[in-house]
2 protein chains.
Amino acid sequence: MFSKACEYGIRAAVYITLQSLDGRRVSVNEIAEEIDSPMAFTAKILQQLTKNNIVDSVKGPTGGFEIEREAMDTVKLSKIVKAIDGDKIYVGCGLGLKECNADKPCPLHDKFIDVRSNLRTMLQSTSLYELATGLEVGLTYLKR
Amino acid sequence: MFSKACEYGIRAAVYITLQSLDGRRVSVNEIAEEIDSPMAFTAKILQQLTKNNIVDSVKGPTGGFEIEREAMDTVKLSKIVKAIDGDKIYVGCGLGLKECNADKPCPLHDKFIDVRSNLRTMLQSTSLYELATGLEVGLTYLKR
DNA sequence: TTAATAAAGGATAAATTTATCCGAATTAAA
DNA sequence: TTTAATTCGGATAAATTTATCCTTTATTAA
Ligand code: FES
Ligand code: FES
């Protein structure tokens with residue numbers, strides 16, 4: 001569904017959100033350990049999240065990543081997915097035609113756009129804060 | 001959503017279905033042209049479809065690929081997707097944890113399984129025949 | 001001012017997916 | 001029986017994604 005990079009990106013963002021709720025700024029090292037992802041690769045992905053103003057980064061000692069309280073609510077998964085995987089999940093054709101186009105649809109078009117709009121709605125309505133709260137109370141996990 | 005191989009596989013299967021409705025057996029060459037896919041790669045994918053009894057193949061002159069009338073109804077997209085992409089789309093975790101597991105769910109679990117079951121239902125209820133009929137009357141396309 | 005810490009960025013490597021090529025096996029028709 | 005058409009199967013190559021390494025830059029604290 002999503003690329004590995006995107007999966008790591010979402011997990012990282014949720015972990016940063018959780019820690020920022022406690023006012024803690026976290027390093028790439030800690031993030032990679034806590035979400036069980038390859039550190040250097042995770043660092044690259046965090047750069048993208050930073051460039052897209054999804055998380056904030058601070059260099060130097062005591063530096064690391066954090067996210068503003070307001071962003072926890074306004075940043076939806078759709079923004080992270082778009083920043084990392086682009087919009088192919090939104091504009092792509094389910095059967096691989098150049099782009100999804102209702103004027104010259106592939107045989108799966110009608111059924112596919114239904115599934116896709118379901119996915120899009122989910123991504124556009126799910127905030128980082130929402131995902132972090134389950135973690136906080138120990139109901140959900142970012143690694144096993 | 002699906003791999004390139006899977007997209008080609010579905011397009012090929014739908015094209016074979018369409019031609020088999022007219023009693024025509026088709027070659028890899030014709031298929032690749034008609035669905036606009038790389039020929040040799042498409043041949044590999046057709047081998048998989050053949051091994052999985054999704055389409056039938058006949059060697060030699062006048063040979064090619066075809067699909068039985070009954071299979072057009074009984075073969076659903078889910079079977080093709082499973083044959084080519086495996087079942088990761090069904091058992092995988094949306095955030096990349098080892099597997100989807102309701103006992104130790106990732107933060108996205110509840111929302112993800114909803115989207116996924118929507119997708120699964122669509123795949124399990126869509127037959128090759130159904131997809132071929134739109135093509136037949138010129139309402140849908142396998143290439144542009 | 002210096003040393004240490006952490007993100008940023010560039011280069012490269014490994015793994016996977018996508019794609020091509022070619023010879024072997026099969027089969028129909030000349 | 002020979003030839004040609006076609007799928008099958010294995011090897012290999014190209015492209016993309018995933019992952020690592022190392023140097024530079026910024027910043028804090030001693
Ligand atoms: S054209 Fe294929 S999904 Fe819309
Ligand atoms: S555990 Fe992640 S989707 Fe079910």
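Chain identifiers are assigned alphabetically (A, B, ...) following the order of the sequence lines, protein sequences preceding nucleic acid strands; residue numbering begins at 1 within each chain.
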inquiry  = Checking A:Asp73 against A:Ser127: is there a side-chain donor and acceptor pair closer than 3.5 Å?
reply    = no
ask   = When you match A:Gly60 and B:Pro61 each to their closest nucleotide on DNA chain D, which lands nearer the 5' end?
value = B:Pro61
request  = Using atom CD of B:Glu30 as one end and atom C1' of D:dA5 as the other, report the distance to the nearest whole Å.
outcome  = 14 Å
key: Rounded interatomic separation in angstrom, taking CG from B:Asp36 and C1' from C:dA19   = 14 Å
inquiry  = It should be established whether A:Tyr8 places a side-chain nitrogen or oxygen under 4.0 Å from OP1 or OP2 of nucleotide D:dT18.
reply    = no
request  = Rounded off to whole Å, could you give me the CG-to-P distance for the B:Asp56 and D:dT6 pair?
outcome  = 18 Å
query = D:dC21, C:dA7, C:dT20: which one has an atom nearest the side-chain heavy atoms of A:Ala40?
reply = D:dC21
remark   = Considering only heavy side-chain atoms of A:Ala5, the closest of D:dT18, D:dT28, D:dG10 is D:dT18
query = B:Lys44 NZ to C:dT16 P: how many Å, rounded?
reply = 19 Å
task = Look at A:Gln47 and C:dA7 and indicate whether a side-chain polar atom (N or O) is within less than 4.0 Å of OP1 or OP2.
result = no
key: NZ/NE/NH1/NH2 to OD/OE distance under 4.0 Å, A:Arg144 and B:Glu99   = yes
message = If you only use heavy atoms from C-beta on, which nucleotide in C:dG10, C:dT20, C:dA7 is closest to the side chain of B:Phe41?
response = C:dT20
ask   = When you match A:Gly64 and B:Lys88 each to their closest nucleotide on DNA chain C, which lands nearer the 5' end?
value = A:Gly64
remark   = Taken to the nearest whole Å, CD1/B:Ile45 to P/C:dA19 is 8 Å
ask   = Are A:Thr126 and B:Lys111 linked by a side-chain donor-acceptor pair shorter than 3.5 Å?
value = yes
query = More than 12 heavy atoms of other residues, nucleotides or ligands under 6.0 Å from CD of B:Gln124: is that the case?
reply = yes
request  = For the pair B:Arg25 and B:Glu30, evaluate salt bridge (Lys or Arg N to Asp or Glu O under 4.0 Å) and give the outcome as yes or no after the intermediate values.
outcome  = CA-CA 10 Å; B:Arg25 192 183 280 158; B:Glu30 176 180 340; over 6 Å; no
query = Over how many whole Å does the gap from A:Arg11 atom CZ to D:dT18 atom P extend?
reply = 13 Å
message = Tell me the interatomic distance from B:Met39, atom CE, to D:dA5, atom P, rounded to whole angstroms.
response = 13 Å
query = Of the nucleotides C:dT20, D:dT20, D:dT18, which one has an atom closest to the side chain of A:Ser3?
reply = D:dT18
query = Quick one: which of D:dA19, C:dA19, D:dA26 gets closest to the side chain of A:Lys59?
reply = D:dA26
inquiry  = From CD1 of B:Ile84 over to C1' of C:dT16, roughly how many Å is that when rounded to an integer?
reply    = 17 Å
Phosphate-side-chain proximity, A:Ser57 and C:dA8, N/O vs OP1/OP2 below 4.0 Å = yes
query = What nucleotide, of D:dC8, C:dT18, C:dA29, holds the atom closest to the side chain of B:Thr50?
reply = D:dC8
task = Please tell me which of A:Pro38 and B:Phe65 maps to the more 5' nucleotide of DNA chain D, matching each residue to the nucleotide holding its nearest heavy atom.
result = B:Phe65
